[in-house]
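The structure under discussion appears below in the form of structure tokens.
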Amino acid sequence: MDYQQARAFLNQTARYGSVYGLAGIRSLMARLGNVQKHLRIIHVAGTNGKGSVCAMLASILKTAGYRTGVYSSPAVFEPEEIIRVNGDMISQEKFASLTQTVQAACMDMRKEGLPHPTAFEVETAIAFCYFYQEHCDLVLLETGLGGAQDATNLIAHPVCSVISQISRDHMALLGQTLEEIAAQKAGIIKAGCPCVSSAQPPQVLEVLKHTAEEKGSPFLTADSSCIRHFSYDGTNSLFETETLRGTLALSGACQKENLSCVLAVAQVLQEQGIRLTQEDLLKGLSSVRLAGRLEKIADGPDIYIDGAHNEGAAYYLRETVRSCFAGRKVVYIIGVFADKEYEKLLEIMLPYAAQVITVTPPHSRALDGKKLAETAEKLHPAVVWMPDMALAVSFAKAAAGSTGVVLAFGSFSYLAGLKTAVQRQTADADDDH
């Protein structure tokens, strides 16, 4: 099997949709030798901040000399970026080889009358097999959806369970209230295994603590007050605690809570014998990279992309806009999925925009940009729908002017296409000069 054939198999597998539960992944991994049982895993769930928390911890652990795997979705720019070891994506050759192995196990399941695994289950199995083959010392494993019934939750004994900030999202599957969503996320807490949570709303924290108590899991809540100083400029953040003072190579209002969670996890890992020095922490945080989280992709005007697509993320992004871009003309490009609470997203974000541009993400779940524009027009006087990314970028740059800011946010699914459009226009402008 070559890479194109491997991708074709994943695309075909997508027709099986999403199946919420562990039966499929358990059957699949049993045929692959249950290699996940040989991995030391830090399991991360939550609504917002999972990617940032995983990226920070991975960078710290790599700096400390640990061979570190990361399984984190969704992909923003390259399909293989969801599976990394020490920051490097899985190669297309290795991806194809492991896909062939996993495909054979899927065929065995079908012969036995079992359902074919979903695309997420297949990718999860590929990740486990890759991390095992690569002899990873530690693995950052991010849930795909929820926790209790997520395919990653066949992990029985994580080194640590981590729960980042919980907000309203995926309510059709996880529940309509924060308590119901928290109960699903709390499913990754395992008996006797420590759990660290970001600061949470009181009702969420109550659910998490109760679950941890029931399972005999030592529970620690991260406290952002341990960070005496935290500031950010749209590119980096500066922070200071009682014992640390340094730079975080991620920016935005959300990163203070994420950083406090990471520092609490580092404390738990140290208590379990994982060697992490202050130098490891500072160097790892100063070199962390993460695509699509307040990522600056161009200058003049400054163009940023961010995957904020739910209520909780929108509040943090709004604060970032107010703090970083005060006094500048800010133009939004927005594309969302139809099953998201996009009305709340608009209500929170639109008061700080000079111009709003809507687009349609290239995805089956996408909300038509025209409909998004109609909703936005009820809240803002300057709204326009653009039929493609190139036009959206051109219009946004002109509207912002050379000293303004363009902020594209919403679904991760359209950010790659938008970044490509920006790069092409920049290259064309360079050629003209």
Side-chain angles (χ1 to χ4, degrees), residues 3-4 7-8 10-11 14 51 55 72-84 89 92 95 119-120 123 144 234 252 289-310 313-314 317 330-340 342 345-346 349 353 355-376 383-400 404-431:
Y3 176 73
Q4 297 303 324
R7 276 291 150 205
L10 260 295
N11 291 336
S72 180
S73 59
V76 181
F77 299 121
E78 301 291 341
E80 290 73 47
E81 70 188 41
I82 64 173
I83 303 173
R84 295 176 178 266
M89 294 186 295
Q92 292 187 354
F95 182 84
F120 183 71
E123 288 178 332
R289 296 290 180 269
L290 184 61
R293 278 74 166 186
L294 199 65
E295 180 185 2
K296 187 178 181 181
I297 61 172
D299 303 298
D302 295 340
I303 303 178
Y304 290 85
I305 56 175
D306 191 274
H309 59 267
N310 57 47
L317 186 59
V330 182
V331 175
Y332 291 164
I333 300 175
I334 312 174
V336 297
F337 283 175
D339 55 1
K340 299 296 181 180
Y342 56 87
L345 182 73
L346 296 176
M349 292 298 300
Q355 172 73 54
V356 179
I357 301 162
T358 66
V359 296
T360 306
H363 196 281
S364 59
R365 290 164 54 199
L367 178 71
D368 190 306
K370 288 183 180 180
K371 183 174 180 180
L372 182 61
E374 291 170 1
T375 305
V383 179
V384 61
W385 165 74
M386 288 289 162
D388 65 56
M389 297 302 164
L391 285 174
V393 169
S394 297
F395 190 92
K397 289 166 67 176
V405 177
V406 176
L407 174 62
F409 63 94
S411 170
F412 281 108
S413 64
Y414 84 94
L415 298 184
L418 186 135
K419 186 174 183 178
T420 298
V422 170
Q423 291 172 334
R424 285 175 178 167
Q425 292 183 17
T426 300
D428 289 344
D430 290 342
D431 289 343

Heavy-atom pair with the smallest gap, counting every atom of L10 and A119: CD1-O, 3.9 Å
Point-to-point distance, once rounded to the nearest 0.5 Å, from CG of N310 to OH of Y342: 15.5 Å
Atom pair NZ/OG1 of K397 and T426 - distance to nearest 0.5 Å: 5.0 Å
Derivation and outcome, side chain to side chain contact (heavy atoms under 4.5 Å, CB included), residues T375 and L367: CA-CA 11 Å; T375 305; L367 178 71; 5.8 Å; no
With sequence neighbours excluded, residues passing side chain to side chain donor-acceptor pair (under 3.5 Å) with E80: Y3, R7
Sidechain-backbone polar pair: R293 side chain, A291 backbone, donor-acceptor under 3.5 Å: yes
Side chain Q425, main chain A390, donor-acceptor under 3.5 Å: yes
Smallest separation among heavy atoms of S411 and P361, with atom names: CB-CG, 4.3 Å
Candidate pair Q355 and F395, rule side chain to side chain contact (heavy atoms under 4.5 Å, CB included), full reasoning: CA-CA 10 Å; Q355 172 73 54; F395 190 92; 3.8 Å; yes
Smallest separation among heavy atoms of A308 and L345, with atom names: O-CD1, 4.2 Å
Pairwise side-chain contact, V406 with V393, heavy-atom cut-off 4.5 Å (strictly under): no
Gap between atom OH of Y332 and atom CG of L317 - 0.5 Å precision: 6.5 Å
Pairing residues for D299 by the side chain to side chain donor-acceptor pair (under 3.5 Å) criterion, not counting sequence neighbours: K296
Counterpart residues, side chain to side chain donor-acceptor pair (under 3.5 Å), relative to T358 (two or more places apart): none
Inter-residue atom distance I357.CD1 - L407.CG, 0.5 Å rounding: 11.0 Å
Over all atoms of both residues, closest heavy-atom pair of A75 and I82: N-CG2, 3.5 Å
Value rounded to 0.5 Å, distance of CG in L418 from CE in M389: 6.5 Å
Minimum heavy-atom distance between G292 and E295, given as atom pair plus value: N-OE1, 2.8 Å
Closest contact, heavy atoms only, I83 versus E123: CD1-O, 4.1 Å
Stepwise side chain to side chain contact (heavy atoms under 4.5 Å, CB included) check, W385 with T360: CA-CA 9 Å; W385 165 74; T360 306; 3.9 Å; yes
I333/M386 under side chain to side chain contact (heavy atoms under 4.5 Å, CB included): CA gap, chis, key distance, verdict: CA-CA 9 Å; I333 300 175; M386 288 289 162; over 6 Å; no
Sub-6.0 Å ring centroid separation between H309 and F337: no
Distance in Å, L415 CG paired with F77 CZ, rounded so as to fall on 0.5 Å steps: 6.5 Å
Main-chain N/O of A298 paired with Y304 side-chain donor or acceptor, under 3.5 Å: no
